[in-house]
Every structure is written in C-alpha cells, then in structure tokens.
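Predicted model only: the values in this text are computed from it and were never measured. In what follows, every chain begins at residue 1, and chains take the letters A, B, ... in the order their sequences are listed.
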2 protein chains.
Amino acid sequence: MTEKLTLNMNAYLPLRDVVFNTLREAILKGELKPGERLMELQLAARLGVSRTPIREAIRMLELEGLAVTVPRKGAQVAKMTEKDMEDVLQIRQTLDELAVKLACDKITEQQLRLLKGAVRDFEESTRSRDVKKVAQADVAFHDAIYRAADNPKLMNLLNNLREQMYRYRVEYLKDETAYPTLIAEHREIYEGLVRRDKETVAAAMVKHVMNQEIVVKNMIREQE
Amino acid sequence: MTEKLTLNMNAYLPLRDVVFNTLREAILKGELKPGERLMELQLAARLGVSRTPIREAIRMLELEGLAVTVPRKGAQVAKMTEKDMEDVLQIRQTLDELAVKLACDKITEQQLRLLKGAVRDFEESTRSRDVKKVAQADVAFHDAIYRAADNPKLMNLLNNLREQMYRYRVEYLKDETAYPTLIAEHREIYEGLVRRDKETVAAAMVKHVMNQEIVVKNMIREQE
DNA sequence: CTCCTGTATTTTGTATACATTGTATGACGT
DNA sequence: ACGTCATACAATGTATACAAAATACAGGAG
C-alpha cells in the first residue's frame, strides 16, 4: 500500500472526478485491495489535495459498488465474495443478452463495419501477448455492441457491471488457451448480427458470458 | 418551488444521508421538477445545513440518475424523455423477468406465504382508493419477489429502476380501471410461483411490466 | 440596433478549521 | 488477572472561508 498513487492532472476536470478516476483505477488494478481502508486524511495527503474532493469521490465509489462506508467509521474497498460475483454475472448475462438482441434490430451497416474491425482487432491483440491490450480489445468489442443497442442506460449499467469484475477479468484473460474460444465466440456473435438472427446471437452471447463465469469462478476458488 | 423542504432529523444518520433522502423524495414526488437547478447555497439555507452535506448528497443523486451536474455549472434535476423511459422500462422488464425466474427456483414456503399476503394486501389497498397505499402495496409485492430471488445486487438495481419512474408510476396508479388487471396479474404471478412454473411466471411478469409501459408512455405523451 | 467587452454578481470548486464520534491505552478497583 | 472507567488520540462529520469560473448586465463602439 506504500506505492504512491499519483493524479493524472492533464484533464481539466473537477478534482473530485480526477480523484474518483484515480481511486477507481487503483481499486480495479488491485493496488487498493478489498477490505483496505480508505482514510480521507491519508488519501488527501497522498494525492496532494484536500479532504473535500476525496470525500466526494468516495461517495461516488460507494454508489458504483467499489467502496462501502460505515457511518463514523469511514470507507473501505468493497469485498467481493464468490456469491457476489455470481450475482453480478447473472445480471450481466441477462443484460448482455438483451443488448445483443436490441443490437440485432438496430445495428446500422456502419456499426457492423466497426464491429467487424473490433473482432479483427481482438484477434490481433491476442497475438501480441499483451494482456492489457487484449482486455482493451475485448472491451471495445462489447462496447460496439452496447452502442448499437441504442440504450444509453443499458450501456451504463453494463459498463458498471463489467467494472465490478475487472480485477478478475484481467486474470482471466491471462489464460491464453482460452483465446481461440473467445475469438470463435466473437465471430459467431458478429455473424449472427450480420444475419440479424436474434436467436443465434442471444445464444452465442449467453454462452460467451457463461464461459467467462466458469473460468472466473474457478479463479476465485483457487485464490483461496 | 417556494414550498419549504424540511429535514426529517429523527434518524441518527449523517446529514448527507438525510439530505439525500429528502432531496430524492422531493424529486420523486415532483416537488423538485425536472430541469430545476439544485443550487447548493440555496438548498443549504433552505434545509438549515452547510454546503458540504448538500454537495455529497448531490453526488449521490447524480449516480442514482436523479440529478445531472455540469462541472462549474452545477446540478439540476434529471429530465426524462419518452426515450429514456422506454430504455428504463426495457431494462426493468428484462430484469424483472430474471428476478421472477430466479424466485421460481429459490422461493421458500415462508416467502410464498408472505407473497400471498402481499397479493391480498394489494387487493385490499385498491379498495381504499388511496393511491399512496396502492403504490406501497405494489412495491411490497415486487419486493417480496426480489427478496426471494436472493440476489441483492439485482434487488438494488430493480429498486433503483423503479425509483427512476416513480413520478409516472404514481400517476399511473390513479387510473382505477387498471386495478382489476393488476390484481389478476399479481395472482397469476403468485400462482405460477406456487407451481414453480418458470415459463408461466416469466410470461406473466413480462405482460405485467409491459402493461405498465403502455400506460406510462401514454401518460407522458398526454403531458405534452 | 446589434454586437462586443468589461465588470459585478452569483455559483461552484477547494481548502481548512472546528465538532463529534469511535477506538485504544492505561490506571484503578475489585 | 480481569474488568471498568477515564482520558487521549485519530478519524469522520460539518461548517465556513477563500479561489476560480460562469453568468448577467450595462455601456460603448460600429
């Protein structure tokens, strides 16, 4: 915990947002571990700002599910049990299915081309052996679908759900033997969207998320 | 807008939570109208607290989707277009279906008895001609199902989605001609759960939410 | 009359000071 | 030795002061 969090001041944003992003990143990357206390004074000193933006950032983390606060005792990084993970994945599966069904109806030709690009980018990224890149490409693929679904609230929710399991997802993507499956599933989803075949894409997406679920759950179990 | 918001200080809660609840109520009840600015100094003066808890409450409202803030310009009550409403209802429908399916597998005998009570309470409340009571009874019915689904994250999400359309829901429940349909649907869902017949309950729930959707959308159109 | 500009005012952003509560430590009595 | 209470310290809760930005408006130039 002694590593120094540093603010990315480039953006011209209120400090609360900069702090929020910084803390979120730190939590998702595992630099701030589940259960670790988030003490205002300490964070303020570390990040070189006052307590006010820290407090507001914590309120935001709280509602994102990344932190929990007990009144008069302060905040700590949210813990995630296997049950929590299952619960999140269940919701994600359902909403991902909805998203891809909606996309089936609404996706435009241009968005299909972008999606095709995302599929290709993902394939290429897996050859780079750079997990960070793979994760980014995967996010891009799913984002393209979310955007096509044309439901901003749904997109928000799904991004949030994804975020909540980011820590485990990165571990998951380190398993290179899973890449061929992932690539095949992406292709299947893409092609289903081209044919606008709802049943196919829905089934493919459910399978896709389910595969993640199995691997992520194994991973959690191994961690203990 | 000149009505005086007053804090319910009874509870032993941080002021930010009291303020948050107060503002949320005010927004949901329509006392604070969509688009209305939420000025910190003004709210602080009105509620008799300082700006700090107001600011933190606004950050919380923001992530609940009840307020939107533009940096350096401040916050305002979130507006909801018909499209927004459709988007929310689409998500709600999907998640309500998931919840009731999960409940089908997991509901206990005791929870079934509670649900039966909720069905009966709802029927009785419709005879009282007290919209507030009817709304409460409806919430209780759905909450019983959410609890049975045994997925706290899902329950949170659904409560939040419900909240986002509370304003319109209350209007919706003023239409007494809809009561018999609602009662019948509740019964259908309850009986499906007793028989643990997933297909039936899922279909019934989808129909139930869809009916709401139609009425609420008509309502919005009329408002213009 | 319109548009620009500069200033005054309002409002948010940030920092800090003070108050209150939670927690740990240690003395004291049993 | 154990428990209880008092006190000290640390962290959060709240209020206020100051800074910076956005807005409104008035006055002047074209």
Counting only heavy atoms not in A/Lys79, do more than 12 fall under 6.0 Å of its NZ? no
A/Asp138: which residues meet the side chain to side chain donor-acceptor pair (under 3.5 Å) condition with it, sequence neighbours left out? A/Arg169, A/His186
Scoring nucleotides 11-24 of chain C by protein non-hydrogen atoms under 4.0 Å (B base, S sugar-phosphate only, - none) yields SBBBBBB--BSSS-
Partners passing side chain to side chain donor-acceptor pair (under 3.5 Å) against B/Arg147 (at least two apart in sequence or in another chain): none
Polar side chain donor-acceptor pair, A/Asp96 to A/Tyr146, under 3.5 angstrom: yes
Can we say A/Asp87 and A/Lys83 salt-bridge, meaning some charged N sits less than 4.0 Å from an Asp/Glu carboxylate O? yes
